[in-house]
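This report refers to the structure that appears directly beneath it.
All values derive from a computational prediction rather than experimental measurement. What you see below is based on every heavy atom in this structure, not just the backbone, and it leaves out hydrogens, waters and symmetry mates.
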Number of protein chains: 2
Amino acid sequence: MSTGQDYTDARPLQVRMADDLRRKIETGELGQGAQLPTYDDLAREYLCSLAVARKAVDLLRQQGLVITKQGLGSFVRERSAMVRHGVERYARHHWKGIEPATILGAEATNQGRKATRIIRGLGVTPAPALVAERLGIAEGTDVWARKRTTFLDGRPNQLADSYYPLAIAQGTPLMEEETGPGGDFARLDEAGHSPTRIREEWHARMPSGPERAALRLPDGTPVIDFIRTIIDQSGEPVEVMLSVIAGDTTSFIYEFPVPD
Amino acid sequence: MSTGQDYTDARPLQVRMADDLRRKIETGELGQGAQLPTYDDLAREYLCSLAVARKAVDLLRQQGLVITKQGLGSFVRERSAMVRHGVERYARHHWKGIEPATILGAEATNQGRKATRIIRGLGVTPAPALVAERLGIAEGTDVWARKRTTFLDGRPNQLADSYYPLAIAQGTPLMEEETGPGGDFARLDEAGHSPTRIREEWHARMPSGPERAALRLPDGTPVIDFIRTIIDQSGEPVEVMLSVIAGDTTSFIYEFPVPD
DNA sequence: TAGTGGTCTAGACCACTAG
DNA sequence: TAGTGGTCTAGACCACTAT
């Protein structure tokens with residue numbers, strides 16, 4: 001066969017084609033950004049129908065290796081620059097220092113990126129179950145919600161919804177669009193609830209259709225379901241953030257002592 | 001139209017069908033494990049070809065919402081039980097206590113799961129770049145590698161490759177198949193390199209074909225690329241573990257104080 | 001306009017499962 | 001055996017991009 005395939009290989013043709021292409025990508029024969037053969041070329045080369053050639057490329061798209069552009073072609077996906085989220089991003093001096101900034105803003109700047117954000121919603125809402133559990137209140141209790149989308153260098157990378165007990169947010173800039181220098185951490189601190197401990201819980205999953213659209217995710221890109229709880233000096237949970245984070249532009253680093 | 005679709009909806013039919021099905025899953029009309037309509041049913045209902053019905057279900061598979069079983073049907077995917085990895089799993093008393101166990105073993109037992117593992121490889125190997133950087137040695141320097149696959153309740157959930165500087169592993173049970181009670185943490189401790197700090201770095205991505213096969217991952221399941229560095233009492237890195245973790249059975253929890 | 005990927009049809013035949 | 005999903009063919013036509 002012209003492809004050099006072992007004819008005893010019983011795998012479906014579309015899988016063999018995908019593996020051949022994947023090998024070329026991994027060896028660098030097809031470098032980042034390089035154009036793949038067109039569907040027509042693949043169909044000719046492998047003596048198959050267009051549908052099969054398409055399916056082969058689809059398999060690679062689902063692995064996040066390839067992107068397709070209508071009218072242009074299929075291309076080896078380029079690795080996105082990642083923001084690294086470290087424990088250090090929460091350090092007091094970032095939000096309580098000489099020139100206090102938001103957590104994300106300071107971190108992005110440190111890594112040469114630009115963070116922006118829009119407010120998607122602001123108001124009283126019944127606490128979702130995940131929030132209620134962590135705030136120690138009944139599901140459906142009214143809480144203050146602050147929903148926003150954050151962007152890195154113009155690309156959306158996070159759908160972040162923060163929830164505060166009403167008694168804590170009441171009368172503070174947490175209820176405003178702009179929370180001011182130091183962001184929510186500084187405002188909680190001023191309100192007598194100094195952020196003292198952080199709990200982060202997460203797992204990875206594939207995005208739903210609407211999430212893919214909202215985060216403008218390429219094919220084959222997972223998201224992180226992320227829950228952050230801020231705990232104050234008396235051990236009280238004062239904010240729960242539910243966040244969906246674009247998986248291709250985000251990495252995390254934790255460093256901590258071995259517990260006893 | 002029989003489906004109640006707005007005829008001005010310009011989205012492709014396959015997408016509308018997928019969204020209809022997704023809505024039924026999210027509202028619970030199609031509960032976990034419930035069978036979806038067959039491709040034939042869908043094609044009849046939406047007056048489309050089988051290929052389009054198939055594509056609609058494919059979209060949901062890629063989101064991890066649906067699994068298909070040849071000869072049986074398509075089903076709403078059931079949420080897998082997750083192991084929660086917390087900072088506490090590294091606690092000294094787990095590997096240095098009365099009845100020392102492996103980190104993973106102790107954690108699984110606590111959560112009512114059963115952890116097993118096989119050794120995939122054991123021997124001297126040139127250090128990969130990711131390892132060399134973190135051990136502070138030149139890429140390609142010989143190190144001791146210990147590659148294993150871990151299982152939870154019989155399902156593979158992690159491809160974990162640990163690398164040790166030769167001088168540290170030499171003459172210790174780290175070179176054996178069985179590292180004994182307390183695992184590698186206890187052996188490092190005995191060798192004068194007490195695990196003192198942990199650094200964990202990770203991001204999410206889609207698995208390659210071989211990884212999907214090795215971890216027996218359903219469609220639409222991401223993996224976590226996970227790098228763990230163990231640092232001893234003098235600040236020296238003594239082990240780097242490169243791991244690929246099944247995303248659908250793993251969640252993480254970190255809790256830590258806000259740094260100054 | 002030519003060339004690319006995207007959607008869709010109308011089939012054929014194979015592989016697997018349950019009864 | 002009947003019914004399901006999986007692979008594949010051989011087209012048609014649309015949407016988008018570059019020139």
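- Nucleotides of DNA chain C with any atom under 4.0 Å from a heavy atom of chain B span, from 5' to 3', C:dT7 to C:dA18.
- Note on residues 24-33 of chain A: pairs passing salt bridge (charged side-chain N to carboxylate O under 4.0 Å, His left out), not counting sequence neighbours, are A:Arg22-A:Glu26.
- Closest-nucleotide positions on DNA chain D for A:Gly71 and B:Ser74 were compared, and the one nearer the 5' end corresponds to B:Ser74.
- Evaluation of the salt bridge (Lys or Arg N to Asp or Glu O under 4.0 Å) rule for B:Asp248 yields B:Arg77, B:Arg155 as partners, not counting sequence neighbours.
- Of all the residues in residues 205-222 of chain A, not one reaches under 4.0 Å from DNA chain C with any non-hydrogen atom.
- Using a cutoff of 4.0 Å between basic side-chain nitrogens and carboxylate oxygens, B:Asp20 and B:Arg23 are scored as salt-bridged.
- Sorted by first then second residue, the salt bridge (charged side-chain N to carboxylate O under 4.0 Å, His left out) pairs that include residues 52-69 of chain B, not counting sequence neighbours, are B:Arg54-B:Asp58, B:Asp58-B:Arg61, B:Arg61-B:Asp219.
- In this structure, A:Ser251 OG and A:Ile245 CD1 are separated by 11.0 Å, a value rounded to the nearest 0.5 Å.
- For the residue pair A:Thr150 / A:Asn157, a side-chain donor-acceptor distance below 3.5 Å is found, with atom types taken as modelled.
- Across residues 31-43 of chain A, not one residue has a non-hydrogen atom less than 4.0 Å from an atom of DNA chain D.
- For A:Arg199, the salt bridge (Lys or Arg N to Asp or Glu O under 4.0 Å) partners two or more places apart in sequence, or in a different chain, are A:Glu201, B:Glu255.
- Every pair passing salt bridge (charged side-chain N to carboxylate O under 4.0 Å, His left out) that includes a residue from residues 112-122 of chain A is listed here, sequence neighbours excluded: A:Arg113-A:Asp153, A:Arg117-A:Glu178, A:Arg120-A:Asp161.
- Between A:Arg89 and A:Glu200, at least one side-chain N (NZ, or NE/NH1/NH2) sits under 4.0 Å from a carboxylate O, which counts as a salt bridge.
- For B:Arg205, the salt bridge (Lys or Arg N to Asp or Glu O under 4.0 Å) partners at least two apart in sequence or on another chain are B:Glu211, B:Asp225.
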Legend entry - DNA chain D base-pair string [pairs: Watson-Crick or G-U under 3.5 Å; |: paired with another strand]: ||||||||||||||||||.

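- Of all non-hydrogen atoms in A:Pro222 and A:Met206, the two that sit nearest each other are CA-SD, 3.8 Å.
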Inset, instruction - Evaluate side chain to side chain contact (heavy atoms under 4.5 Å, CB included) for A:Asp19 paired with A:Arg11, printing each intermediate quantity in order. - result: CA-CA 11 Å; A:Asp19 279 356; A:Arg11 291 176 307 163; 2.5 Å; yes

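- Salt bridge absent: A:Arg84 and A:Glu107 never bring a charged side-chain N and a carboxylate O closer than 4.0 Å.
- Every residue two or more places apart in sequence or in another chain that forms a ring pair (Phe, Tyr, Trp, His ring centres under 6.0 Å) with B:Phe226 is listed here: B:Phe252.
- Annotation: proximity of residues 50-58 of chain B to DNA chain C (heavy atom, distance under 4.0 Å) is found for B:Ala51, B:Val52, numbered in ascending order.
- Residues B:Ser162 and B:Arg148 bring a donor and an acceptor atom of their side chains to less than 3.5 Å of each other.
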